[in-house]
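Presented below is the structure to which this report refers.
In what follows, chains are A, B, ... by sequence order, proteins preceding strands, each numbered from 1. No hydrogens, no waters, no symmetry mates; every other heavy atom, side chains included, goes into these values.
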Number of protein chains: 2
Amino acid sequence: MARNRPYTCGLDAAIDVVGGKWKATVLWMLEDQGPLRFGELRRRVPSVTEKMLIQQLRELEADGLVHREAYHQVPPKVEYSLTDYGRTLELALRPLGEWGHQNMARIEATHP
Amino acid sequence: MARNRPYTCGLDAAIDVVGGKWKATVLWMLEDQGPLRFGELRRRVPSVTEKMLIQQLRELEADGLVHREAYHQVPPKVEYSLTDYGRTLELALRPLGEWGHQNMARIEATHP
DNA sequence: CTCCGTACTGACCTTCTGGTGGGTACCTGA
DNA sequence: TCAGGTACCCACCAGAAGGTCAGTACGGAG
């Protein structure tokens, strides 16, 4: 995402954090469906590529929104979950998600 | 913004609409400071370029979020304001804006 | 002994966003 | 006559975001 510092308002900052193409979806999934393994997450967001999903997860992890738990097994197993901080973001995103849900038809119609 | 249809959740759709670099700020300004002329808007969002501001306004207008009122005068005068639909979006964005405001220090620290 | 599944990594390429620097038309005031 | 202010438009370009395709390590199944 294009950085825009210093932020003129909280909205800038928030969009900076959650503006990646898949981040909101990942946050949503992790809140909605509990901790998920990498592969599970991937299967739930069908059109995302592995590289993209990893990239977004790494960024979310670096921002402290997502926790990564690796189990040292073979085959490898890694679980992703929301941190408390991540949960506060998800909460703040709810109204926006509902807005999008309610207006989806209109958005699809007017938005190129 | 990168389109992501069909949307997997309302959040996708909403971010698609509001994800432009300056859109949230413009929405915010128009709600907060009433109808504004092009030049006023420009002065309130200092780092935006004219081209970008116009582009974002056009898109917001096409999405039905912003109303454009041109007065046929010389020198030209154009006023931008939120539509009712735009106001509902602004409302849905509030919690996110507050989240960003409250966590701005953390965001600036952890976010590259 | 080769193939499968897991969770990645890296090189490379394409698409899109945002930025620069020019130009337009019109009237006003100096 | 000529600069100044308004609200734009257009061609071009740089860099970031996103995508494709290949490859890695490890053990178990066949």
Side-chain angles (χ1 to χ4, degrees), chain A residues 1-8 12 15-26 29-30 35-63 66-81 111-112, chain B residues 1-8 12 15-26 29-30 35-63 66-81 111-112:
Chain A
M1 268 271 104
R3 277 84 188 95
N4 196 12
R5 321 284 200 65
Y7 299 124
T8 48
D12 286 355
I15 291 215
D16 206 354
V17 167
V18 84
K21 189 171 178 185
W22 308 99
K23 286 188 187 168
T25 313
V26 169
M29 287 292 165
L30 288 180
L36 290 174
R37 304 184 53 172
F38 178 81
E40 291 174 326
L41 211 43
R42 193 168 131 58
R43 258 166 266 135
R44 265 158 241 252
V45 190
S47 41
V48 76
T49 63
E50 292 196 344
K51 181 202 148 193
M52 269 301 113
L53 185 53
I54 288 170
Q55 203 177 94
Q56 306 279 300
L57 283 167
R58 291 261 177 281
E59 289 178 29
L60 290 170
E61 198 195 345
D63 285 345
V66 158
H67 173 71
R68 177 178 183 276
E69 186 75 35
Y71 299 85
H72 299 290
Q73 310 174 347
V74 167
K77 168 175 173 180
V78 180
E79 255 185 13
Y80 292 92
S81 54
H111 212 74
Chain B
M1 265 276 104
R3 276 87 193 90
N4 196 13
R5 319 279 203 68
Y7 299 125
T8 48
D12 285 355
I15 291 211
D16 205 355
V17 168
V18 84
K21 189 170 176 184
W22 308 98
K23 285 187 185 169
T25 314
V26 168
M29 287 292 167
L30 288 180
L36 291 173
R37 304 184 51 172
F38 179 81
E40 292 174 327
L41 210 45
R42 193 169 128 58
R43 258 166 265 130
R44 265 159 242 253
V45 191
S47 42
V48 76
T49 62
E50 291 196 346
K51 179 201 149 192
M52 271 300 112
L53 186 53
I54 289 170
Q55 201 177 96
Q56 306 279 299
L57 282 168
R58 291 262 176 280
E59 290 179 26
L60 290 170
E61 198 196 346
D63 285 344
V66 157
H67 174 70
R68 177 177 184 275
E69 186 75 36
Y71 299 85
H72 298 288
Q73 309 174 349
V74 167
K77 170 177 172 179
V78 180
E79 253 185 13
Y80 292 93
S81 54
H111 214 71

>> Using the rule side-chain contact (heavy atoms from CB on, under 4.5 Å), only one of Arg42(B), Glu69(B), Arg43(B), Lys77(B) pairs with Arg37(B); which is it?
In response: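 Among Arg42(B), Glu69(B), Arg43(B), Lys77(B), the one meeting side-chain contact (heavy atoms from CB on, under 4.5 Å) with Arg37(B) is Lys77(B).
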Choose from [options] the nucleotide whose nearest atom is closest to any side-chain atom of [X].
| X | options | value |
| --- | --- | --- |
| Phe38(B) | dA7(D), dT6(C), dG18(C) | dA7(D) |
| Ile54(B) | dC9(D), dG19(D), dT9(C) | dC9(D) |
| Thr49(A) | dA7(D), dG19(D), dG19(C) | dG19(D) |

Which part of the nucleic acid, if any, lies within contact of [X], taking any heavy atom under 4.0 Å across all strands shown: a base, the sugar-phosphate backbone alone, or nothing?
| X | value |
| --- | --- |
| Tyr80(B) | sugar-phosphate |
| Arg42(A) | nothing |
| Gln56(A) | sugar-phosphate |

> Taking all non-hydrogen atoms of both residues, which atom of Ile15(A) and which atom of Ala24(B) are closest, and how far apart?
Replying inline: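 Here Ile15(A) and Ala24(B) meet closest at CD1-CB, 4.0 Å.
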> Which heavy atom of Pro35(B) sits nearest a heavy atom of Glu40(B), and at what distance?
Replying inline: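 For Pro35(B) versus Glu40(B), the nearest heavy atoms are O-OE1, 4.4 Å.
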Between [N] ([atom2]) and [X] ([atom1]): distance, integer Å:
| X | N | atom1 | atom2 | answer |
| --- | --- | --- | --- | --- |
| Leu41(B) | dT6(D) | CG | P | 14 Å |
| Lys21(B) | dG19(C) | NZ | C1' | 9 Å |
| Glu79(B) | dC8(D) | CD | C1' | 17 Å |
| Glu40(A) | dG5(C) | CD | P | 16 Å |
| Gln55(A) | dG18(D) | CD | C1' | 8 Å |
| Trp22(B) | dG18(C) | CH2 | C1' | 9 Å |
| Leu57(B) | dC8(D) | CG | C1' | 12 Å |
| Met52(A) | dT15(C) | CE | P | 15 Å |

> Quick one: does Lys51(A) reach the base of dG19(D) with a side-chain donor-acceptor pair under 3.5 Å?
Replying inline: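 Pair found.
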> Going by heavy atoms in the side chains, are Leu60(B) and Lys23(B) under 4.5 Å from each other?
Replying inline: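 Counting from C-beta outward, Leu60(B) and Lys23(B) do come under 4.5 Å.
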> Within the pair Arg37(B) and dA7(D), is there a side-chain N or O less than 4.0 Å away from OP1 or OP2?
Replying inline: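 Yes, within the criterion.
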> Counting only side-chain N and O atoms of Arg68(A), is one of them less than 4.0 Å from OP1 or OP2 of dA7(C)?
Replying inline: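 Checking Arg68(A) against dA7(C): no side-chain N or O falls below 4.0 Å of OP1 or OP2.
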Measuring from atom [atom1] of [X] to atom [atom2] of [Y], what distance do you get when rounded to the nearest 0.5 angstrom?
| X | Y | atom1 | atom2 | answer |
| --- | --- | --- | --- | --- |
| Met52(A) | Lys21(A) | CE | NZ | 9.0 Å |
| Met29(A) | Trp22(A) | CE | CH2 | 11.0 Å |
| Leu57(B) | Leu36(B) | CG | CG | 10.0 Å |
| Asp16(B) | Asp63(B) | CG | CG | 8.5 Å |
| Gln56(B) | Leu41(B) | CD | CG | 11.0 Å |

> Does Arg58(B) have any salt bridge (Lys or Arg N to Asp or Glu O under 4.0 Å) partners at least two apart in sequence or in another chain, and if so, which?
Replying inline: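 With neighbours one apart ignored, the set is Glu61(B).
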> For the helix from dC1(C)-dG30(D) to dA30(C)-dT1(D), how many degrees between its two end axes (five pairs per end), to the nearest 10°?
Replying inline: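 About 30° separates the two local helix axes.
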Can you give me the N/O atom pairs linking the protein to nucleotides 22-30 of chain D at distances under 3.5 Å, or say none if there are none?
none

